[in-house]
Every structure is written in C-alpha cells, then in structure tokens.
Amino acid sequence: MDSPIVTRFAPSPTGRLHLGHALAAWEARSLADRFSGRCVLRMEDIDRTRCRPEFVGGILEDLDWLGIRFDGPMMVQSSRFSAYEHALQALKDRGVLYPCFCTRREIAEEVAAMGGAPQGGRVDVYPGTCRLLDKGRRKELLKSGKPFSWRLDCHAAARITGPLLWRDMRSGDQVCRPEELGDVILGRKDCAASYHIAVVVDDAAQGVTHVSRGEDLFPVTGIHRTLQALLGLPVPQWYHHRLVKDASGKRLAKRDRSLSLQEMRAAGMRPEDVFRLMRES
C-alpha cells in the first residue's frame, strides 16, 4: 500500500465490553498492524438514553486490561453534533432528505395493510408514506410541531450518485443497493444524527481508510457508501469480520453478562484466556 492504513474500533458505552467486542478491537488493531498502520478509538455515544459516562471508563479499563492499544486521541461522538448537523444540512440542500411524521405503530400498520413487505422486500423497510406527501400537507405538519425524523430518499439519492460500488476485503467488490434498506432515518428532532450519518462523518474526520467491523453490519454499507458519495467524503475499504456467537449460534449481546470482560476478569481469567476463547467461539 502507498500509505499507512487507518482502522478504528468504535464501541458504544451502553454497557461493559464482552467477548465479541474483544474480537472487534483485536481485528481492528491486527489489520492496522499487518500493514504498519494506525488504529484509532471512538466512543459512539450519541444515544443519550442508553449511553453512560461510567461505561466509557469501564470500556477503557477493559481495553487496557486486554493490552490493546490505540493511536492518537479518542474521538467522542457527543462532542460532534455540529459536524452531523452540517452534514444533514448538506443533504437537505441536495434534496435527498424529507421529514417523516410516522410513528413506529403507524408504519407497522401500513406494512400489514399492504400484505407484508413493500415490493416483496424486507418487512422492516419503510414504505415511503411521508415521501409521497404533497408540499401543502408537509408544511401543515411541520407548522403543527408534530415530532418528525429526517429520512434519506434513497431513490433520489441514487439518481444523483449513479451506480456505486464498495469493496469488502473478504468478499470483493459489491454493488451498492441502498434501496434494500429503504429510506433510513438520518436524524430526529431530538437527536442531531443517527448512526448512519455519524459513522461516515467520523470515519472521514479520523482518516479511516479501512473500516473493520462485524459482518452483521454488512447490509448497511450501501447506505454508508451512498452518503459518502453525496457528501463528497473519502471512500474507505471495508473488512467485515466474523462474529463471536454463543452455544446456540446467536450473536453475543451485552445482556450476556457471563461473557463480559469484567466478569471474566473477576473470575480470574487472563487476557490470553480471553483471546483463546475468542478464537474458539
């Protein structure tokens, strides 16, 4: 490679780290080391209802115990809302965002009335109700103060960007199909940004060249590639690594306290024991 790569580990402080996080941190660090690159750390704490300051300290403690190091200062998303607002405004200026006033219940009822997923797609894809509102009705709803979210008009976005590809280091070139996830939410009235907008803005700000993350996030990459094209951001490569799963084959979640690093340490396990479990799971 012509220049050193930059990877990142970006946990959310909604709890302590578990075995799956240990794998994600190790994969990001190992990928950077393989190419004599850098690995940066980011706290994705924009969810104000679930993220806690004490979990930030706990995560740093867990990483220090594992011996996984990072390069440069840690980025904290909750300090970057102005950057996300700027990106959302740029998307509004390009005409690819629209306000959505639907509640989750209303969306579920509309999908059910349609007989399932729209156009034979995924059941959880938004059917585009508010995208079809006329300007007068939209103006009335905005004036009324009814809560709303900003959704990406994926079809309008595709008309602007044209066909796009993205590259996964394990699976090769992929055709970008943002419509598979529908018109995703990028911001809410009470929160400046969703995961999708924050992650692409922050990856660019941290100079990330290789996004290392779990394969469960493979399906959302088309949305991220689309946003990068719309916002004129650098396009990284992606590395979607395997997940650590429990005995039943389900992906580990933070509710699995018995597999948290804190519980493992309290039980007398050593970092090398964690890495062995990580490889075997």
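Here the structure is a predicted model, which means the values were calculated and not measured.
The heavy-atom pair separating Cys130 from Cys102 by the smallest distance is SG-SG, 3.6 Å. Minimum interatomic distance between Ala198 and Ile46 (heavy atoms only, all atoms of both residues): CB-CD1, 4.2 Å. Of all non-hydrogen atoms in Ala32 and Thr7, the two that sit nearest each other are CB-OG1, 3.5 Å. Between Leu231 and Ala87, the closest heavy-atom pair is CD2-O, 3.6 Å. The two atoms that bring Trp65 and Leu261 nearest to each other are CZ3-O, 4.3 Å, heavy atoms only. Of all heavy-atom pairs between Thr14 and Cys51, the closest is CG2-SG, 3.8 Å.
Within the model, atoms CD of Glu280 and CZ of Phe275 stand 14.0 Å from one another, a figure rounded to the nearest 0.5 Å. Rounded to the nearest 0.5 Å, atoms OH (Tyr239) and CD (Glu215) are 9.5 Å apart. Distance OG/Ser12 to CD/Glu44: 5.0 Å, rounded to 0.5 Å. Remark: Glu27 CD to Ser212 OG distance equals 5.5 Å, nearest 0.5 Å. From Leu243, atom CG reaches atom CG of Asp216 across 5.0 Å, with rounding to the nearest 0.5 Å. One finds the CE atom of Met278 at 5.5 Å from the CH2 atom of Trp26 (value rounded to the nearest 0.5 Å).
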Apply the test salt bridge (Lys or Arg N to Asp or Glu O under 4.0 Å) to residues Arg265 and Asp62: give CA-CA distance (whole Å), side-chain angles for both, the deciding distance (0.1 Å), then the verdict. CA-CA 9 Å; Arg265 186 163 66 251; Asp62 290 338; 3.3 Å; yes
Determine whether Ile59 and Met43 satisfy the following criterion, side chain to side chain contact (heavy atoms under 4.5 Å, CB included), listing intermediate values before the conclusion. CA-CA 9 Å; Ile59 288 171; Met43 286 291 164; 3.5 Å; yes
Yes or no on side chain to side chain contact (heavy atoms under 4.5 Å, CB included) for Val199 and Leu227, after CA distance, side-chain angles and deciding distance? CA-CA 10 Å; Val199 74; Leu227 292 173; over 6 Å; no
Could you check Ile223 against Leu181 for side chain to side chain contact (heavy atoms under 4.5 Å, CB included), going step by step and ending with a plain yes or no? CA-CA 8 Å; Ile223 294 292; Leu181 290 182; 3.8 Å; yes
Dump the intermediate steps for side chain to side chain contact (heavy atoms under 4.5 Å, CB included) on Ile68 and Phe9, then the final yes or no. CA-CA 11 Å; Ile68 297 178; Phe9 176 55; over 6 Å; no
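Met75 and Val56 sit in two unconnected hydrophobic clusters of ILVMFWY residues. Membership requires side-chain heavy atoms under 4.5 Å apart, directly or through other members. Tracing side-chain contacts under 4.5 Å through hydrophobic residues (I, L, V, M, F, W, Y), one never reaches Phe55 starting from Leu17; they form parts of separate clusters. Under the 4.5 Å side-chain heavy-atom criterion for grouping Ile, Leu, Val, Met, Phe, Trp and Tyr, Leu186 is not connected to Leu164 through any hydrophobic cluster. The same ILVMFWY cluster, assembled from side-chain heavy atoms under 4.5 Å apart, contains both Leu152 and Leu217. Leu142 and Ile185 are assigned to two separate hydrophobic clusters, defined by single-linkage of ILVMFWY side chains at heavy-atom distances under 4.5 Å.
Residues meeting the ring-ring contact (aromatic ring centres under 6.0 Å, His included) test with Trp150, sequence neighbours left out: Phe148. Remark: His241 engages no residue in a ring-ring contact (aromatic ring centres under 6.0 Å, His included) (not counting sequence neighbours).
A salt bridge does not link Arg138 with Asp134: none of the charged nitrogens is closer than 4.0 Å to a carboxylate oxygen. Salt bridge status for Glu140 with Lys143: absent, with no side-chain N to carboxylate O gap under 4.0 Å. A salt bridge is absent between Glu272 and Arg276; no separation between the charged side-chain nitrogens and carboxylate oxygens falls under 4.0 Å. Taking a cutoff of 4.0 Å between a charged side-chain nitrogen and a carboxylate oxygen, Asp203 and Arg42 qualify as a salt bridge.
Other residues sharing a hydrophobic cluster with Val235 under the 4.5 Å side-chain heavy-atom criterion for ILVMFWY residues are Val6, Val40, Trp166, Val208, Val211, Phe218, Trp238.
Here the side chain of Arg151 pairs a donor or acceptor atom with the backbone of Asp183 at under 3.5 angstrom. When atom types are taken as modelled, the side chain of Asp153 and the backbone of Leu97 share no donor-acceptor pair closer than 3.5 angstrom. In this structure, the side chain of Arg94 engages the main chain of Leu230 through a donor-acceptor pair within 3.5 Å. Panel note: side chain Arg52, backbone Thr49; a donor-acceptor pair is recorded below 3.5 Å.
Listed by first then second residue, pairs satisfying side chain to side chain donor-acceptor pair (under 3.5 Å) with a partner in residues 221-234 read His196-His224, Arg213-Thr221, Arg213-His224, Thr221-His240, not counting sequence neighbours. Among pairs with a residue in residues 74-89, those fulfilling side chain to side chain donor-acceptor pair (under 3.5 Å) read Asp45-Ser78, Gln77-Asp202, Arg80-Asp202, Tyr84-Asp202, Gln89-Asp93, at least two apart in sequence or across chains.
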Tabulate below the donor-acceptor pairs under 3.5 Å that side-chain atoms of residues 154-162 make, not counting sequence neighbours, or state none.
| from | atom 1 | to | atom 2 | distance (Å) |
| --- | --- | --- | --- | --- |
| Thr161 | OG1 | Ala157 | O | 3.3 |

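Looking at Gln206 and Arg8, their side chains never bring a donor and an acceptor atom within 3.5 Å of each other.
Taking the centre and axis of the six-membered ring of Phe101, the NZ or CZ atom of Arg131 falls outside the cone set by 45° and 6.0 Å.
The only option from His21, Glu54, Glu263, Glu61 that meets the side chain to side chain donor-acceptor pair (under 3.5 Å) definition with Arg16 turns out to be Glu61.
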